[in-house]
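What follows is a single structure, written as structure tokens, with notes after it.
Since this is a predicted model, take the numbers as computed values, not measurements.
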Amino acid sequence: MAKNIGRALFKFFDERFLLSGLGAFAGKKTVPEHQHSFWYFFGGISLFLVGLQVATGLLLLLHYIPSIDGAHESIRVIMSQVKFGWLIRSVHSWSANILIGVLFVHMFSTFFLKAYRKPRELTWMTGFLLLVLFMAFGFSGYLLPWNELSYFATRVGTDIAGSLPLIGGWLKEVILGGPDISQATLSRFFWFHVAVLPVVALGVIGIHILLVQTLGMSKPIGVRETREIPFFPDFIYKDALGWILVLILIGVVCVLLPWEVGTKADPLAPTPLGIKPEWYFTFMFTTLKLIPAHVLSIEGEQLAILGFLAGGLFWFLVPFLDRRAAREKRSPAFTWIGLFVAAYIVVLTVITYTVPGL
Amino acid sequence: MKRPTFASLFVIGFLGLPAAGLAQGNSCLDCHKELDGALQAAAVAFAQDVHGQFGLSCRDCHGGNPATDDVDKAKDKSFKGAPKRERIPEFCGGCHADAAKMRGFNPSLRVDQLDQYWTSRHGQRLKAGDAKVAVCTDCHGAHGVQTARFPKSMTFPWNIPQTCGRCHADKALMASYLLPAGQLEDYRASVHARALFDKKDLSAPACNDCHGNHGAYPPEVGSVSGVCRQCHPSAGELFAKSPHKKAFVEIEAGECGACHGNHKIEAPTNALIGSTAGSACIQCHEAGSKAWTTAAELRSLLEEFESGTASAEVALDAADRKGVEVSEARFKLQDVHTILVSAKNLTHGLDLAEIRKAIVDGENALAEVEAAGQKALAEARFRRRGLVVATICLALLAAALALKIRRLKEKRMAS
């Protein structure tokens, strides 16, 4: 009886969603297995963390109040009075940070395996775009609890945007919704965080996954291994194993180190000493602090920002610039560039937290 | 007419400007800066002097003609020189006691300092011919005078104890007046000094807040409470209604000072009340007397309440460290602290019923905080247990998946 109902339901949906076709595709799809295939899992972990972000973000929306009078208090209520509110908020905040870290690892592993080469240029570009989008998620979400740290870190971040040549002043005012951080800022950060970014990110994620599924996983240059494993169920099981391990990690940090509420932001208070943006922005932040005021008569800060923009554009267009990799030849120059960029980010991030006065 | 050349402008500018400067110069300062010791120090210090900032110069106090470089001509008939020490109050008062003159500089500045000074112990002794006592320059300086608002001024709140201590901590000088010299040391150990020096609380009392400024005089026994009441009005009112008031008058005890001391006023603890050593009560009340028993009871009530407050705070701190949000309970704990301070203050009135009522109110509020603390600790335990259970379940699931992956691999290899 139950079997018959199941068959009937499957038939109903199969006729409408072509499930048999999808099943056949999944059944035939394979993933290369070689010494570097471990790095493939970071894509799946990123997707899992995005799912956690959406789920916990939706739950937080039930209680969060996007006003400068209510935001901090609503976070305090979520953390102390809402059943499992502390867990939901801590998972949201911790997994957001872990997600950015995993995205960096995913991006650099893709870079060093030269997985961006033809025909996966768009996969790389949409992936890079996703990193930028999730950093924007982090920046906009950081202000929402309206605590001292987030308030002043946002001020530091928007001041950096304000020092961009030509458009800086205008851009800062657009981001803030006025000359300084106010209710208008909180409203537009909230709008950006829960409406604009999710729509754009979901669209780009869709394209990214579609490209990964249709083009398959890239095999690194020079790997002769021809072994492949079925995508379903073997690879999915391995992916799921990674998700479970990440989930255990998130559980441990959320229980032992729940995300703090902090002191309510006081716009009239002086900026606390040693204020820093979120860790994934610190390599840029510290560069701006360390660069001399003037370099060859150009303002140092503006030069650094232009450098980061140019570097970002280079990184985005790397599939078209690495011509050797496109011809399936090793490209050590790009490997060295990648190593330099990775070392720069790590060193600058570490010194931000270890050198006093930075 | 010929237009001035660049060279002629240069000559006029280069030679003319110093000449113009000389015309407006001050030969007193020019000469004194070349001298040594105190004569030089006066000229150097005047650069920071408030009088100079108001446009006054040496001649305004000392007379003479600063426009000439000739020493004999500079010390003309109007030259007054340095006043004798016993003449200094009148010397400064020449302007500072003259409302018409002071109006031109600072209309809001008081002009009764000289009158007040003559009422002070310093002024009285000076009039009696003792020139060793403090005069204006001892507290304000002579040529580097600063307003009391300037942090480096000798009369800025946190510099006042040191300024007074220059004489009052001088054992030899004070011995000649049969006065103690330990006030500065005592004050530095007081709760007031901690507020002033450590917390930089400029409203905390320094010497002048209790003794007066220009009219400085030791407060009479009967007026000590009035002095303390400037900042502690509630304690003063309660004391006035208490049975101690009449008794203290009878035995001529200095009200507040009898229990709290004078310069070395320490933060009041429960040890100040009670029937054991260190208590102020046993100075007058005999062991076993009714008052002695009441003091012991008061001490026990306060200690019990205080220890409950401390243990509630410990529970909240522990929950906080374990990541449970307890800010609301901390707000309530602040209320409990306020009640505790209020109950301690009520001891000045010695109304046992009122003190008991305050402590009961406090204990009710404390019970809520304690419950919140215990609930938070229970929540922390629940979270940790939950983490262990969830981790075990997830680890088992991970192990099962790993096993499945291994079997799939074996199956694939076999085929």
Side-chain angles (χ1 to χ4, degrees), chain A residues 30-31 33 37-38 41 44 48 72-91 93-94 145 147 227-264, chain B residues 200 312 315-334 368-415:
Chain A
T30 55
V31 176
E33 196 172 53
S37 50
F38 166 76
F41 297 105
F48 169 70
H72 186 264
E73 179 60 15
S74 67
I75 295 291
R76 206 185 57 73
V77 167
I78 288 169
M79 292 298 282
S80 61
Q81 289 168 30
V82 175
K83 201 84 177 161
F84 290 106
W86 64 273
L87 184 62
I88 293 161
R89 188 198 171 222
S90 294
V91 169
S93 302
W94 271 113
N147 62 32
R227 203 148 38 92
E228 292 192 326
I229 59 165
F231 178 76
F232 188 84
D234 299 46
F235 187 78
I236 288 288
Y237 281 166
K238 285 188 173 180
D239 241 2
L241 185 58
W243 299 353
I244 292 168
L245 295 176
V246 170
L247 196 58
I248 291 173
L249 171 73
I250 291 172
V252 170
V253 290
C254 287
V255 171
L256 300 182
L257 299 163
W259 207 261
E260 64 165 12
V261 179
T263 316
K264 187 178 178 179
Chain B
K200 306 290 178 202
L316 290 186
D317 286 346
D320 206 2
R321 277 197 302 277
K322 289 176 179 173
V324 182
E325 222 289 313
V326 288
S327 57
E328 201 170 317
R330 283 201 192 279
F331 284 133
K332 281 186 187 159
L333 187 65
Q334 277 179 14
E368 282 181 44
V369 179
E370 279 170 343
Q374 292 310 317
K375 194 177 163 198
L377 284 173
E379 169 73 16
R381 285 192 293 275
F382 168 75
R383 289 182 189 183
R384 277 160 171 69
R385 276 202 294 270
L387 175 67
V388 171
V389 172
T391 306
I392 290 171
C393 292
L394 286 171
L396 285 174
L397 187 60
L401 256 178
L403 210 63
K404 180 75 179 168
I405 292 164
R406 197 171 153 189
R407 281 197 188 149
L408 281 171
K409 191 179 178 183
E410 283 167 2
K411 203 171 149 190
R412 209 170 48 245
M413 299 297 264
S415 67

Mutual orientation of the aromatic rings belonging to A/F235 and A/F231 [parallel < 30°, tilted 30-60°, perpendicular > 60°]: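 Ring orientation of A/F235 relative to A/F231: parallel.
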Plane angle bin for A/F84 and B/F382 - parallel if under 30°, tilted between 30 and 60°, otherwise perpendicular: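 The arrangement is tilted - the two ring planes meet at 30° to 60°.
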Top of A/Q81, A/R227, A/R76 for chain B proximity - count of heavy-atom pairs under 4.5 angstrom: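 Highest number of heavy-atom pairs under 4.5 Å: A/R76.
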Is chain A contacted by the side chain of [X], its backbone, both, or neither, given a heavy-atom distance below 4.5 Å?
| X | result |
| --- | --- |
| B/R412 | side chain |
| B/E328 | both |
| B/A398 | both |
| B/L394 | both |
| B/K404 | side chain |

Heavy-atom side-chain proximity of A/R89 to A/M79 below 4.5 angstrom: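 In short, these two side chains touch, coming nearer than 4.5 Å.
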Side-chain heavy-atom pair B/L401, A/I244 within 4.5 angstrom cut-off: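 Yes - at least one pair of side-chain heavy atoms lies under 4.5 Å apart.
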Where does [X] contact chain B at under 4.5 Å (heavy atoms): side chain, backbone, both or neither?
| X | answer |
| --- | --- |
| A/V261 | side chain |
| A/L257 | neither |
| A/E260 | neither |

Electrostatic pair B/R330:B/D320 at N-O distance under 4.0 angstrom: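 B/D320 and B/R330: salt-bridged.
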Inter-residue atom distance A/I78.CD1 - A/I88.CD1, 0.5 Å rounding: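 If I round to the nearest 0.5 Å, the distance is 8.5 Å.
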Greatest number of heavy atom pairs closer than 4.5 Å to chain A - which of B/R383, B/E379, B/R384, B/K322: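 Greatest number of close heavy-atom pairs with chain A: B/R383.
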